[in-house]
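For reference, the structure is listed below as structure tokens.
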Protein chains: 4
Amino acid sequence: MSYMRSPARQRQILEHAKRVFAERGFHAASVADICEAAGIGRGTLYQYFANKQAVLTAILRQTLDRVRALMERQSVVGVPLARPEDITRDQAIAWSARQLRAVLGAVFEDQDTLRILLREAVGLDVDVERLLGEIDDGLIAIVERGLGALREAGLVRDLDTRVAATLMVGGIEKLALAALRGDRPVDLDALALEVARLHGAGSLSDRVRTTRGGPA
Amino acid sequence: MSYMRSPARQRQILEHAKRVFAERGFHAASVADICEAAGIGRGTLYQYFANKQAVLTAILRQTLDRVRALMERQSVVGVPLARPEDITRDQAIAWSARQLRAVLGAVFEDQDTLRILLREAVGLDVDVERLLGEIDDGLIAIVERGLGALREAGLVRDLDTRVAATLMVGGIEKLALAALRGDRPVDLDALALEVARLHGAGSLSDRVRTTRGGPA
Amino acid sequence: MSYMRSPARQRQILEHAKRVFAERGFHAASVADICEAAGIGRGTLYQYFANKQAVLTAILRQTLDRVRALMERQSVVGVPLARPEDITRDQAIAWSARQLRAVLGAVFEDQDTLRILLREAVGLDVDVERLLGEIDDGLIAIVERGLGALREAGLVRDLDTRVAATLMVGGIEKLALAALRGDRPVDLDALALEVARLHGAGSLSDRVRTTRGGPA
Amino acid sequence: MSYMRSPARQRQILEHAKRVFAERGFHAASVADICEAAGIGRGTLYQYFANKQAVLTAILRQTLDRVRALMERQSVVGVPLARPEDITRDQAIAWSARQLRAVLGAVFEDQDTLRILLREAVGLDVDVERLLGEIDDGLIAIVERGLGALREAGLVRDLDTRVAATLMVGGIEKLALAALRGDRPVDLDALALEVARLHGAGSLSDRVRTTRGGPA
DNA sequence: TATGAATGAGATTTCATTCAT
DNA sequence: TATGAATGAAATCTCATTCAT
């Protein structure tokens with residue numbers, strides 16, 4: 001037996017539970033697994049969490065908190081101030097990538113969280129789904145706000161920022177998922193840059209005429 | 001109760017199971033639920049499927065088959081033959097959207113399949129994951145091939161088609177998921193067009209200089 | 001494994017559960033104990049009863065049904081029709097004892113039921129308490145009605161029949177309980193006669209004057 | 001938290017435990033409930049009692065002690081000394097009621113004790129049962145002794161005093177229980193009088209002939 | 001072939017009790 | 001002495017799967 005202050009023990013349990021959930025998935029992971037991993041008795045977990053799902057919920061809430069915190073901070077983050085004409089595509093894309101990178105870092109703090117968010121917590125129940133939805137909403141809102149700022153600065157054309165942001169976040173997650181499937185660690189920097197470039201510049205060749213009748 | 005030739009009954013069970021899985025999720029749905037929905041005894045299901053998971057697997061395999069079939073057909077689908085200079089952005093985007101739409105139709109045949117693929121089957125176990133992975137791979141491969149063809153035709157610039165395709169598919173799914181969360185039916189046509197436009201044209205304003213030193 | 005028609009199996013489980021509850025008490029008896037006694041798997045019990053308490057409830061309801069049935073039958077049972085002056089105390093007491101005996105037989109069908117009603121089911125929870133209360137009420141109502149009939153016939157003096165009946169039932173149960181404590185089987189015939197005699201004739205000596213000033 | 005001399009604290013715990021047991025019942029009441037009510041830590045209870053049941057046992061023992069004490073005192077309590085012929089029924093009944101009242105007061109000191117004795121402690125385990133049995137025996141013995149004295153004085157006819165006493169105590173308890181079920185507070189004075197009257201005078205009408213052939 | 005009664009492994013959860021502080 | 005964090009035995013209950021009919 002080892003005595004521990006309440007908050008520390010709670011954190012300890014969460015840390016181990018995160019790993020176990022990521023490895024085995026929510027259903028396959030038993031409370032016994034978590035407790036064994038944490039080196040505590042089975043009853044101890046129930047002093048800190050009402051039930052198994054509450055543990056998962058707490059993990060997700062941590063992530064949601066990080067997202068919310070980022071939303072606060074982001075509001076003060078500046079946007080390139082130069083006139084559009086003085087900024088190159090690459091510069092705009094780099095700025096966008098840096099922003100995306102910050103978002104990704106906040107959410108997918110570690111590979112375990114990544115796995116849980118994208119795989120193990122999906123389709124569980126309404127409470128969990130609501131949390132996942134809120135996290136997604138937060139993520140998308142941050143990206144959307146970034147796009148909005150760029151649009152205001154004239155760097156981004158007139159488009160539905162909500163849809164565009166959703167598209168970016170979804171794309172990122174799919175790339176991350178593909179990486180997880182291959183059991184490769186996920187390189188968030190590369191991911192962010194890739195996405196920023198594709199979404200920024202588009203995929204069409206410059207040779208394609210923007211409008212009927214004239215060259216691009 | 002009612003006698004039915006084997007393959008027909010199997011299909012019947014799958015149809016009902018699909019609905020039940022979509023409504024309740026894999027874990028929450030019990031074998032009893034499925035059998036009741038299909039109007040058969042509990043033991044009967046086991047005449048056609050080894051176990052509960054095999055039912056899900058069969059559903060996913062159906063989808064995978066549709067994807068594979070699409071890959072076959074797609075190989076003969078033509079690409080705009082005109083020179084890039086003779087094609088407008090909008091035309092290219094429309095063509096891309098049509099292609100995406102075909103892909104979406106094949107996979108997300110109905111809302112139930114959509115729900116199962118995106119939510120209820122995620123994170124279950126290695127077998128299921130492998131299937132989901134193969135479906136994703138198929139989808140991405142189709143989109144990628146489309147991009148490749150466009151690139152060959154000079155309509156799309158030089159880019160990592162695999163990554164771009166993954167990004168598109170992921171984005172689409174996220175949009176679909178968002179719609180599912182809101183319990184709205186998903187409009188695949190609108191989705192396809194939106195994605196094609198954003199990915200084709202990019203989000204940057206035309207005023208942003210393509211390269212340092214010269215106007216766009 | 002042995003297959004059995006639903007109602008038969010239900011009865012079988014109840015029979016064994018009754019014995020186990022009587023022997024060990026509700027809390028000390030585990031579902032496993034009951035199932036082992038009945039020679040069935042643990043899950044089987046839950047096909048017939050929602051939970052452990054429902055088993056007890058069913059046992060009590062059986063008893064309540066017997067009491068209710070007795071109430072129906074009793075309504076047609078006759079009362080000695082002779083004028084009070086033509087009936088001896090002993091005759092009235094004997095009639096009363098026969099009536100009590102019928103009541104006791106209905107409720108305390110067997111020693112197990114007796115034990116459960118008086119000891120193992122007391123103080124469990126509101127549902128169970130309500131049932132016990134209803135059984136008690138039924139018992140008392142029957143005895144009360146008997147007293148009422150005797151009073152109408154002029155054989156019993158004017159008194160609060162409800163209180164008197166409660167007193168009789170309580171007294172009987174205490175005697176039965178005392179017998180149970182001594183692990184003696186309970187002789188319901190002797191009990192009934194004893195109670196009828198004491199309650200009928202009272203305990204005071206005939207030498208005590210009925211009213212101040214005159215001889216008894 | 002607060003330091004207290006051992007016996008005082010023990011009494012304090014018992015007082016709160018009594019209330020908690022009466023309210024929730026022995027099983028439903030947790031050690032945590034008791035400790036919270038008593039305003040002490042969970043471990044502290046175990047400094048004074050070996051385990052949860054020992055707390056209940058102590059409560060019952062207190063009651064048993066009161067019963068035993070009453071038995072001592074009662075031995076010197078006098079019986080009406082006048083000749084039977086000089087005493088009216090009502091006087092004898094009043095004396096009997098006073099005696100019963102004293103007994104009831106001793107045992108059912110308060111509503112909590114009443115509840116515990118009649119409901120929450122029944123059917124728990126052999127130790128507790130033995131105590132309940134001893135309390136009952138004590139109660140019955142006191143009443144029995146009273147009856148014996150009255151019989152010696154010629155006020156009560158020749159009867160099995162043990163059975164008669166058991167009957168009275170049982171009847172009283174059932175009346176009390178009925179009152180508890182209705183959540184009415186129990187009026188011990190009324191109870192005692194009712195029982196003394198019914199048991200003293202009997203329920204048969206005076207018009208019923210005591211013996212065949214002659215008037216009562 | 002179809003059925004659904006029977007099964008039991010295994011999961012979650014409670015709570016009286018212990019013991020480090 | 002007082003505390004309350006830690007414990008783990010043991011209980012209930014679920015449900016996918018089997019198999020007698």
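The figures that follow rest on heavy atoms only: side chains count, while hydrogens, waters and symmetry mates do not.
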Check your understanding: Which of residues 34-47 of chain A have a heavy atom under 4.0 Å from DNA chain F?
Key -> Ile40(A), Gly41(A), Arg42(A), Gly43(A), Thr44(A), Gln47(A)
Exercise for review: Would you please confirm or rule out a distance under 4.0 Å between OP1 or OP2 of dT1(F) and any side-chain N or O of Tyr48(D)?
Suggested key: no
Nearest-Å distance for atom pair [atom1]/[atom2], residues [X] and [N]:
{"X": "Asp33(A)", "N": "dG10(E)", "atom1": "CG", "atom2": "C1'", "result": "12 Å"}
{"X": "Gln10(B)", "N": "dA2(E)", "atom1": "CD", "atom2": "C1'", "result": "16 Å"}
{"X": "Asn51(C)", "N": "dA11(F)", "atom1": "CG", "atom2": "C1'", "result": "13 Å"}
{"X": "Phe49(A)", "N": "dT14(E)", "atom1": "CZ", "atom2": "C1'", "result": "18 Å"}

Study note, to complete from the structure: One should read off an interatomic distance between Ile116(B) CD1 and Lys18(B) NZ, to the nearest 0.5 angstrom, of 7.0 Å
Point to revise | Under-4.0 Å salt bridge between Arg19(C) and Glu15(C) | key: no
Review point. Relative to the 5' end of DNA chain E, which residue comes earlier, Gln53(D) or Ala32(A), by the nucleotide with the nearest heavy atom?
Key: Ala32(A)
Revision key, fill the gap. Base-pair string, DNA chain F, Watson-Crick plus G-U, cut-off 3.5 Å on both distances, | for inter-strand, is .||||||||||||||||||||
Point to revise | Check: His16(D) side chain, Ala37(D) main-chain N or O, donor-acceptor pair, under 3.5 Å | key: yes
**Study point:** Lys52(D) side chain vs Phe26(D) backbone, donor-acceptor pair below 3.5 Å
**Key:** yes
Exercise for review: Could you walk me through whether Glu120(B) and Val122(A) pass the side-chain contact (heavy atoms from CB on, under 4.5 Å) test, one step at a time?
Suggested key: CA-CA 7 Å; Glu120(B) 309 307 349; Val122(A) 180; over 6 Å; no
Review point. Taking for each residue the nucleotide of DNA chain F bearing the nearest heavy atom, is the 5' side occupied by Ala28(C) or by Lys52(B)?
Key: Ala28(C)
Exercise for review: Evaluate the side-chain contact (heavy atoms from CB on, under 4.5 Å) criterion for residues Gln62(B) and Leu14(B): first the C-alpha distance (whole Å), next the side-chain angles of each, then the deciding distance (0.1 Å), finally the verdict.
Suggested key: CA-CA 10 Å; Gln62(B) 280 186 335; Leu14(B) 280 181; 3.6 Å; yes
Practice item. I would like to know whether Glu129(B) and Arg119(A) meet salt bridge (Lys or Arg N to Asp or Glu O under 4.0 Å); could you show each step before the answer? Key: CA-CA 10 Å; Glu129(B) 277 303 316; Arg119(A) 320 232 348 237; 2.9 Å; yes
Exercise for review: Please identify each residue that fulfils salt bridge (charged side-chain N to carboxylate O under 4.0 Å, His left out) with Asp65(D), with sequence neighbours left out.
Suggested key: none
Practice item. Would you mind listing every salt bridge (charged side-chain N to carboxylate O under 4.0 Å, His left out) that reaches into residues 28-45 of chain D, with sequence neighbours excluded? Key: Arg24(D)-Asp33(D)
Review point. In residues 19-27 of chain D, what residues come within less than 4.0 Å of DNA chain E, judged by heavy atoms?
Key: none
Study note, to complete from the structure: Ranking dA5(F), dT12(F), dA11(E) by distance to the side chain of Ser30(A), first place goes to dA11(E)
Can you give each donor-acceptor pair under 3.5 Å made by side-chain atoms of residues 53-61 of chain B, sequence neighbours left out, with the distance rounded to 0.1 Å?
unit_1, atom_1, unit_2, atom_2, d
Gln53(B), NE2, Asp125(B), OD1, 3.1
Thr57(B), OG1, Gln53(B), O, 3.0

Point to revise | Verdict with supporting geometry, Asp127(B) and Arg130(B), salt bridge (Lys or Arg N to Asp or Glu O under 4.0 Å) | key: CA-CA 5 Å; Asp127(B) 279 341; Arg130(B) 220 198 39 245; 3.4 Å; yes
